[in-house]
Amino acid sequence: MFARQSFRCAQPLKQSLRNYSAEAAPKKSNLTPIYVGVGLAGLGAGVYRYSTGAVAEPKERPKVFNGEGWVDLKLANIENLSPNTKRLRFEYDDKEAVSGLPVASALLTRFKPEGAEKNILRPYTPTSDEDIPGYLELVVKAYPGGPMSEHIHSMNVDQRLSFKGPIVKYPWEANKHNHICLIAGGTGITPMYQLAREIFKNPEDKTKVTLVFGNVSEEDILLKKELQDLENTYPQRFRAFYVLDNPLRTQGGKHQALHLWPSPMYKAISGGKISPKDQGELTGILKDLGYNKDQVFKF
């Protein structure tokens, strides 16, 4: 846990997931739902068991995003989280409005490079609470050659970015499962954090959450403070395991080098999807653990 600054890095991921699955769900028919988020050049990809329903908003406010058109939002604040990662706050014109995003969902961003014929489109999952009025926040890591992430990092306060949504991925239902596992790599943590935040802010939702989060090194871990806050606030319901390509080495063996986050992670865990309408076959670790095609959803 971050509170103790320890990284559980004793085994390869595949074996660790086997052990986790065996402990959490000894029978195939009772497998703990597994959710996967993989960051690829700012895109989120995920795998999880599908369910329906959503927690109602506590207060009706105007909603910014209704899926009907593009909304230009002004950049109001920039926070540097690391040399290649920023937290950016975009304000709504109506300060009483909320995003209107259900959990889990994302927003599409758009801009046209100078001289280009076509717009650049990329989805991002906001990290701010969906019920906060007046603004949303994105945590964006700049990838070399990534046109959208580089554009967002080049923006200045008072410039505008076009958004459209929601892109609904997975409608969460409180207490649908007793215990879920979130598996994230890099920027794929953002939809997983969105789901965890929704679970823990609802006093009626008693779901337990285990997170397995892979990164190159400790300094690459996004939303570090937010994850630490969840661990400290809900120690009996939230556990985090961190898998690093380059873990910190110290004398005495406190931190062990391990092998390693699978690459490509998405393919290793579930297999890719063919198109938005074709989920493709389930392969990889999840299939080995006993899941079938009808038990997972890739986004």
Side-chain angles (χ1 to χ4, degrees), residues 35 37 42-46 48 50-79 86-112 119-140 148-149 151-152 155 157-176 182 187-205 207 223 226 230 276-277 297 299:
Y35 302 64
L43 304 184
Y48 45 79
Y50 181 80
S51 66
T52 59
V55 177
E57 291 186 357
K59 181 180 180 180
E60 280 296 326
R61 292 178 179 268
K63 296 180 180 180
V64 175
F65 301 103
N66 56 20
E68 295 182 357
W70 292 93
V71 179
D72 291 340
L73 299 183
K74 183 176 69 175
L75 179 58
N77 186 68
I78 303 170
E79 179 185 358
K86 295 182 178 182
R87 191 195 317 269
L88 305 103
R89 176 174 294 190
F90 292 89
E91 288 185 340
Y92 309 138
D93 292 338
D94 183 347
K95 303 308 179 185
E96 296 300 313
V98 296
S99 71
L101 297 180
V103 175
S105 66
L107 289 171
L108 199 61
T109 59
R110 178 186 70 177
F111 94 102
K112 181 181 287 188
N119 288 308
I120 301 295
L121 305 175
R122 292 291 187 272
Y124 286 92
T125 303
T127 56
S128 51
D129 192 301
E130 294 73 28
D131 296 329
I132 290 179
Y135 68 88
L136 65 80
E137 291 182 340
L138 300 181
V139 172
V140 178
M148 181 59 77
S149 65
H151 170 70
I152 292 176
M155 292 181 65
V157 169
D158 291 336
Q159 289 185 306
R160 289 181 176 263
L161 183 66
S162 294
F163 293 82
K164 186 178 182 179
I167 305 171
V168 179
K169 297 294 185 178
Y170 174 74
W172 174 251
E173 180 181 349
N175 300 307
K176 175 67 175 180
L182 311 179
T187 53
I189 189 62
T190 55
M192 303 299 104
Y193 175 67
Q194 183 191 54
L195 178 55
R197 189 188 62 240
E198 174 69 15
I199 290 171
F200 290 114
K201 80 174 185 180
N202 180 3
E204 302 301 320
D205 197 336
T207 306
L223 301 174
E226 289 81 356
L230 287 180
K277 295 183 178 180
F297 179 87
F299 79 105

How long is the span from the CD atom in Gln194 to the CG atom in Leu101, to the nearest 0.5 Å?
-> 7.0 Å
Nearest 0.5 Å, what's the CG-CZ distance between Leu107 and Arg122?
-> 15.5 Å
Smallest heavy-atom separation, Phe65 atom then Leu136 atom, equals CE1-CD2, 3.7 Å
Do you know which two heavy atoms are closest between Arg110 and Leu161, and how far apart they sit?
-> O-CD1, 3.7 Å
Can you tell if the side chain of Leu223 reaches within under 4.5 Å of the side chain of Arg87, non-hydrogen atoms only?
-> yes
Shortest non-hydrogen contact between Asn175 and Glu204, atoms and distance | ND2-O, 2.8 Å
Would you say Trp172 and Thr207 make side-chain contact, with heavy atoms under 4.5 Å?
-> yes
Any side-chain heavy atom of Leu73 sitting closer than 4.5 Å to one from Tyr135?
-> no
Please examine the side chains of Ile78 and Val157, heavy atoms only from C-beta on, and report whether any two atoms are closer than 4.5 Å.
-> yes
Is any side-chain heavy atom of Pro123 closer than 4.5 Å to a side-chain heavy atom of Leu108?
-> yes
Using side-chain hydrogen bond (donor to acceptor under 3.5 Å, both in side chains) as the criterion, list what pairs up with Asn119, not counting sequence neighbours.
-> none
Can you name the closest pair of heavy atoms from Ala196 and Leu182 and give their distance?
-> CB-CD1, 4.1 Å
Distance-minimising heavy-atom pair for Pro62 and Asp94 = CG-OD2, 3.7 Å
Those residues that, when tested against Lys112, pass salt bridge (Lys or Arg N to Asp or Glu O under 4.0 Å) (two or more places apart) | none
Give the C-alpha distance, both sets of side-chain angles, the deciding distance and a yes or no for side-chain contact (heavy atoms from CB on, under 4.5 Å) between Asp131 and Lys201.
-> CA-CA 11 Å; Asp131 296 329; Lys201 80 174 185 180; 2.9 Å; yes
Do the non-hydrogen side-chain atoms of Tyr92 and Pro133 ever get within less than 4.5 Å of each other?
-> no
Can you name the side-chain hydrogen bond (donor to acceptor under 3.5 Å, both in side chains) partners of Ser162, sequence neighbours left out?
-> Asp72
Compare all side-chain heavy atoms of Tyr124 with those of Ser149 and state whether any distance is below 4.5 angstrom.
-> yes
Spacing of CZ belonging to Arg160 relative to CD belonging to Glu91, to within rounding of 0.5 Å = 9.0 Å
Decide yes or no for Lys169 and Pro191: does some side-chain heavy atom of the first lie under 4.5 Å from some side-chain heavy atom of the second?
-> no
Can you measure from CZ (Arg197) to CD (Glu226) and round to the nearest 0.5 angstrom?
-> 9.5 Å
Hey, could you give me the OG1/CG distance between Thr127 and Leu138, rounded to the nearest 0.5 Å?
-> 7.0 Å
Aromatic ring pairing Phe90/Phe163, orientation class (parallel under 30°, perpendicular over 60°, tilted between) = perpendicular
Here the pair of heavy atoms bringing Asn66 nearest to Pro166 is C-CD, 4.3 Å
How many angstroms lie between CD1 in Ile120 and CD1 in Ile152, if you round to the nearest 0.5 Å?
-> 11.5 Å
